[in-house]
There are 2 protein chains.
Amino acid sequence: MTQPIVPQGLKRVSKPRLYEQLVEQLLDHIEESQLGPGDVLPAERDLAERLGVSRATLAQALVALEVLGIIDVQHGTGAVLLYRPTVAAVIRDLRAHSSRLPDIVEARSTLEVKLAGLAALRHTPDDVAAIESALSAMQEEIDAGDRGVHGDELFHLAVTTAAHSSVLAQLMTFIAEMVLETRIESLGQPGRPEQSLASHRAIARAIQSGDQLAAERAMLAHIELVSDVALLRDV
Amino acid sequence: MTQPIVPQGLKRVSKPRLYEQLVEQLLDHIEESQLGPGDVLPAERDLAERLGVSRATLAQALVALEVLGIIDVQHGTGAVLLYRPTVAAVIRDLRAHSSRLPDIVEARSTLEVKLAGLAALRHTPDDVAAIESALSAMQEEIDAGDRGVHGDELFHLAVTTAAHSSVLAQLMTFIAEMVLETRIESLGQPGRPEQSLASHRAIARAIQSGDQLAAERAMLAHIELVSDVALLRDV
DNA sequence: GGGGGCGCAGTGGCCTAGCCTCCTAGACTC
DNA sequence: GAGTCTAGGAGGCTAGGCCACTGCGCCCCC
């Protein structure tokens with residue numbers, strides 16, 4: 001009862017689709033029936049009739065469950081469960097109360113701290129050049145009276161690249177959109193761009209000196225600095 | 001001669017479904033056309049005809065894209081893009097399994113270490129019960145001569161749940177499929193299931209005692225233990 | 001009696017055809 | 001000019017049908 005409906009455009013304000021309701025019902029059914037990995041769901045025709053929907057709509061629900069990684073639909077056999085009901089519960093929670101801001105910051109922090117540390121260990125001359133270039137870009141933006149959003153983005157991207165860890169980089173990209181919102185807010189605070197740039201420099205120094213621990217600490221401090229306002233604002 | 005071919009059907013050896021191909025094509029189309037957030041895709045009837053499929057099948061593909069968080073289908077309006085094309089590319093890469101093993105382990109380690117630490121701080125009685133239940137399940141599997149893959153999975157899931165961090169949990173779901181492969185390999189080593197279970201117990205103790213640092217350390221040690229063989233084998 | 005092959009029943013895959021609801025832009029009214 | 005109405009286009013969902021794949025049991029042959 002805390003969340004007053006997220007205005008954050010990320011969420012669906014619109015009408016519930018039938019297949020979404022079916023997903024919920026199926027998850028409930030799986031949980032109640034104590035089904036486990038390897039068990040197969042009833043046949044589509046049967047299920048559709050029992051749930052009072054057409055096969056086509058049920059098929060959409062099954063596609064959704066498949067994408068969510070809960071079932072694997074096999075031609076000629078049926079829809080077999082991959083995971084335990086607990087997973088279903090987790091996913092349902094995710095869908096229910098959508099990701100809130102602290103969770104986003106938490107994920108960002110986790111990933112970027114690690115990336116900064118790896119960057120300290122693995123950076124190439126090119127990576128260093130890109131980081132320096134990002135710092136200069138942000139400096140120029142600030143000098144021009146701008147908030148430096150672009151340079152900020154460049155910097156974090158350069159650090160991510162310097163870490164040379166493809167999966168982590170992909171995960172960063174995935175949450176990039178969410179992070180962007182918090183970033184723009186933060187840089188709107190008076191004096192914030194300068195502070196942010198200063199902590200960028202600290203991170204860059206630690207990375208260039210190859211000091212993993214220092215880089216991680218610097219990044220952590222930076223993100224905490226950048227996130228506090230957003231946290232206070234919204235939660 | 002060690003493994004009689006993993007029956008774990010997670011890797012699709014089977015037939016590609018039409019809607020999956022459509023997802024790929026649509027992602028390509030989005031990228032090529034330089035579409036951004038807010039843009040709407042062509043009408044279903046139009047799209048279906050152009051792609052040479054029925055509306056029902058296209059609808060499945062759209063559901064998949066919706067679950068992946070790429071589009072939002074609005075009644076009466078159309079399918080509007082939520083993210084930038086880069087995200088689409090990322091997701092496609094993730095699906096294509098292009099990432100290499102060390103990177104996967106690295107990402108898993110980063111996320112799970114953080115999750116273990118958070119679980120130490122945030123666990124509820126229910127979370128503890130789920131963790132204990134997972135430990136018992138794995139013990140039973142091992143006693144029965146099994147490798148304990150299932151109990152292992154339950155345990156890591158329970159820890160993820162106990163961390164109560166939705167975005168991090170979401171990221172774990174994304175790499176879950178990749179992680180599964182390394183997990184199964186690891187547990188195939190002689191004596192490994194017992195070692196793994198022991199380190200699970202250590203993690204569980206640290207979480208239950210609320211010791212964040214100890215939980216993080218225990219999880220890190222566990223993942224390093226579990227990953228070394230796979231790393232040596234494959235890279 | 002045992003082994004192998006074949007066919008059938010059941011399941012999902014996908015399509016066609018159609019009607020409903022919802023949204024929106026533009027015409028119409030005041 | 002502002003508000004209202006309406007028609008067309010968009011997605012939502014259904015019904016029914018045919019095809020392809022899987023698995024298992026029967027039957028034939030050895």
Side-chain angles (χ1 to χ4, degrees), chain A residues 9 11-26 29-30 33 35 37-82 95, chain B residues 5-26 29-30 33 35 37-82:
Chain A
K11 277 2 227 183
R12 52 190 89 276
V13 213
S14 50
K15 67 292 141 185
R17 300 242 246 123
L18 227 199
Y19 88 80
E20 292 176 341
Q21 300 175 33
L22 292 181
V23 165
E24 304 296 333
Q25 290 183 41
L26 288 172
H29 170 68
I30 291 169
S33 308
L35 297 180
D39 292 339
V40 319
L41 264 46
E44 281 190 10
R45 290 168 177 84
D46 183 20
L47 218 44
E49 186 179 7
R50 243 192 285 180
L51 294 171
V53 301
S54 72
R55 257 187 87 199
T57 303
L58 177 65
Q60 292 186 1
L62 294 179
V63 165
L65 287 173
E66 203 168 14
V67 172
L68 289 172
I70 296 176
I71 62 173
D72 183 25
V73 181
Q74 298 174 0
H75 196 171
T77 305
V80 311
L81 263 181
L82 293 179
R95 296 176 60 84
Chain B
I5 294 184
V6 193
Q8 209 62 27
L10 256 252
K11 314 274 296 184
R12 38 198 81 278
V13 214
S14 50
K15 67 294 142 182
R17 299 241 247 129
L18 228 198
Y19 88 81
E20 291 177 340
Q21 300 174 34
L22 292 181
V23 166
E24 305 294 331
Q25 290 183 41
L26 288 171
H29 170 69
I30 291 169
S33 308
L35 298 181
D39 291 340
V40 319
L41 265 44
E44 280 191 10
R45 291 172 175 81
D46 183 19
L47 218 43
E49 186 178 8
R50 243 193 284 179
L51 294 172
V53 301
S54 74
R55 256 186 89 199
T57 303
L58 177 64
Q60 293 185 2
L62 294 179
V63 165
L65 287 173
E66 204 168 16
V67 171
L68 288 172
I70 296 176
I71 64 174
D72 183 25
V73 180
Q74 298 174 359
H75 195 169
T77 306
V80 312
L81 264 180
L82 292 180

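Letters A, B, ... are given to chains in the order of the sequence lines, protein chains preceding strands, and every chain is numbered from 1. Predicted model only: the values in this text are computed from it and were never measured.
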Checklist entry - Restricting to pairs with a member in residues 51-62 of chain A, which pass salt bridge (Lys or Arg N to Asp or Glu O under 4.0 Å), not counting sequence neighbours? => result A:E44-A:R55

Checklist entry - To the nearest Å, how far apart are B:R17 CZ and D:dA20 P? => result 17 Å

Item to check | Residue that, paired with B:L22, satisfies side-chain contact (heavy atoms from CB on, under 4.5 Å) out of B:L62, B:T57, B:L65 | outcome: B:T57

Checklist entry - Could you give the CD-to-C1' distance, from B:Q74 to C:dT21, as a whole number of Å? => result 15 Å

Checklist entry - What is the distance from atom CD of A:Q60 to atom CZ of A:R17, rounded to the nearest 0.5 Å? => result 6.5 Å

Checklist entry - Atom CG of A:L18 and atom C1' of C:dC22: how far apart are they, to the nearest Å? => result 15 Å

Checklist entry - Quick one: which of C:dC14, D:dG11, D:dA20 gets closest to the side chain of A:H75? => result D:dA20

Checklist entry - Do A:L81 and A:I70 come close enough that some side-chain heavy atom pair is under 4.5 Å? => result yes

Checklist outcome for this item: Rounded to whole Å, CG of A:D46 lies from C1' of C:dG12 at a distance of 14 Å

Next on the checklist: Rounded to whole Å, how long is the line connecting atom CD of A:E44 with atom C1' of D:dA20?
Outcome noted: 14 Å

Checklist entry - Considering only heavy atoms, which members of residues 47-64 of chain A lie under 4.0 Å from some atom of DNA chain C? => result A:R55

Item to check | First encountered from the 5' end of DNA chain D, between A:T77 and B:T77 | outcome: B:T77

Checklist entry - Is the shortest heavy-atom distance from the side chain of B:L26 to the side chain of B:L47 under 4.5 Å? => result yes

Checklist outcome for this item: B:E20 atom CD is separated from C:dG12 atom C1', nearest whole Å, by 14 Å

Next on the checklist: Measuring from atom CG of B:L18 to atom CG of B:L58, what distance do you get when rounded to the nearest 0.5 angstrom?
Outcome noted: 10.5 Å

Checklist entry - Start at the 5' end of DNA chain C and walk down; is the nucleotide closest to A:G78 or to B:R45 reached first? => result A:G78

